Amino acid sequence: MDWFHCNQCFTRRGSKFVVSSCGHICCEACIKSKQCSVCGASCSYLPITDEMKPQEKVFFKDPVKLIQSRLEHISQVALFQRTQMERVTANFKHKSVELERRLKEVTERYYRQLSELKRENTDLKKQLSELKRETAELKKPLSQRRVSPGQIQIDGTQRVSLPVAVTSPDSWINYLCF
């Protein structure tokens, strides 16, 4: 650490150094009690030793090594997060493929049902057309038999007049039979 020195006397030698709460480094010889020898502010001192806390030691480490260790940590964080992102992406892809498969199945089933319903509709239209034709055929003889109210054609040539007044069924049957 070629930058490390006492901020008062600029010595690099000595066995004991401290850092003040105002941020100055002092050697053992330049320490004043409760007052910084560099700026004169009232302060406290922290001995620079191997027993310092990690958050205090970081200020005395080589910046290149510090950056490298931080980059390794950042690299581990990035790798972890990328792995997690890949997992969630793979999950979404799997779900997407499954949903597309199910959509295809449902679509095919509905198209089959639609085709079936169209065939059934065509068959029902044919049946309806046939029933209409049969109905028309059945109505034809009735319309040909009715000549006018009170008359009915019995055998195609003979027309019988029926009384217009209300009569009992017995007299009507007798009238037709004689």
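If you're wondering where the values come from, they're calculated on a predicted model, not measured in any experiment. Computed over heavy atoms, backbone and side chain alike; hydrogens, waters and symmetry mates excluded. In this chain, residues are counted from 1 in sequence order.
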Please assess His73 against Ser69 for the test side-chain contact (heavy atoms from CB on, under 4.5 Å), listing each intermediate value before the final yes or no.
-> CA-CA 6 Å; His73 180 70; Ser69 78; over 6 Å; no

For Ser37 and Ile31, what are the C-alpha separation, side-chain angles and deciding distance, and is it a side-chain contact (heavy atoms from CB on, under 4.5 Å)?
-> CA-CA 6 Å; Ser37 59; Ile31 297 174; over 6 Å; no

Can you list the steps and then say if Glu100 with Lys104 is a salt bridge (Lys or Arg N to Asp or Glu O under 4.0 Å)?
-> CA-CA 6 Å; Glu100 285 177 1; Lys104 185 178 178 182; over 6 Å; no

Hey, mind stepping through Thr135 and Lys132 against side-chain contact (heavy atoms from CB on, under 4.5 Å) and telling me if it holds?
-> CA-CA 5 Å; Thr135 302; Lys132 283 181 179 179; 5.6 Å; no

So Val106 and Arg109, side-chain contact (heavy atoms from CB on, under 4.5 Å) or not? Walk me through it.
-> CA-CA 5 Å; Val106 168; Arg109 184 173 65 233; 3.8 Å; yes

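Contact record, Cys9 with Cys6: N-SG, 3.5 Å, taken as the closest heavy-atom pair. The heavy-atom pair separating Asn7 from Gly23 by the smallest distance is OD1-O, 4.4 Å. Considering every non-hydrogen atom in both Phe10 and His5, the closest pair reads CD2-CD2, 3.3 Å.
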Validation: residues 39-53 side-chain donor-acceptor distances under 3.5 Å, sequence neighbours left out:
{"unit_1": "Tyr45", "atom_1": "OH", "unit_2": "Lys32", "atom_2": "O", "d": "3.1"}
{"unit_1": "Tyr45", "atom_1": "OH", "unit_2": "Gln35", "atom_2": "O", "d": "2.6"}
{"unit_1": "Thr49", "atom_1": "OG1", "unit_2": "Glu51", "atom_2": "N", "d": "3.2"}
{"unit_1": "Thr49", "atom_1": "OG1", "unit_2": "Glu51", "atom_2": "OE1", "d": "3.3"}

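Salt bridge present: Glu130 and Arg133 bring a charged side-chain N and a carboxylate O closer than 4.0 Å. Lys95 and Glu98 are not joined by a salt bridge, as no carboxylate oxygen comes within less than 4.0 angstrom of a charged side-chain nitrogen.
The closest side-chain heavy-atom distance from Glu137 to Lys140 is below 4.5 Å. Annotation: side chain of Glu108 is in contact with side chain of Arg112 (closest heavy-atom distance under 4.5 Å).
Atom NZ of Lys126 is separated from atom CG of Asn121 by 11.5 Å, given to the nearest 0.5 angstrom. The OG atom of Ser129 sits 10.0 Å away from the CD atom of Glu134 when rounded to the nearest 0.5 Å. One distance of note links NE2 of His94 with OG1 of Thr89; it measures 14.5 Å at 0.5 Å rounding. The distance from the CG atom of Asp123 to the CG atom of Leu128 is 12.5 Å, given to the nearest 0.5 Å. One finds the NZ atom of Lys93 at 9.5 Å from the CD atom of Glu86 (value rounded to the nearest 0.5 Å). In this structure, the separation between CD1 on Ile74 and CG on Leu79 is 13.5 Å, given to the nearest 0.5 Å.
By the rule that hydrophobic residues join a cluster once side-chain heavy atoms approach within less than 4.5 Å of another member, Phe59 and Leu66 end up as members of one cluster. Cluster membership for Val58 and Trp3, using ILVMFWY side-chain heavy atoms within less than 4.5 angstrom, is shared. Tracing side-chain contacts under 4.5 Å through hydrophobic residues (I, L, V, M, F, W, Y), one never reaches Ile25 starting from Val18; they form parts of separate clusters.
Within 6.0 Å of CZ on Arg70 lie no more than 12 heavy atoms contributed by other residues, nucleotides or ligands. Taking a 6.0 Å sphere around NZ of Lys57, one finds it holds more than 12 heavy atoms contributed by other residues, nucleotides or ligands.
Proximity of a side-chain donor or acceptor of Thr107 to a complementary backbone N or O of Leu103 within less than 3.5 Å is detected.
Partners of Tyr111 according to the ring pair (Phe, Tyr, Trp, His ring centres under 6.0 Å) rule, which considers only residues two or more places apart in sequence or in another chain, do not exist here.
Between Phe60 and Phe4, the angle of the ring planes goes over 60°, which puts this pair in the perpendicular group of the 30/60° scheme.
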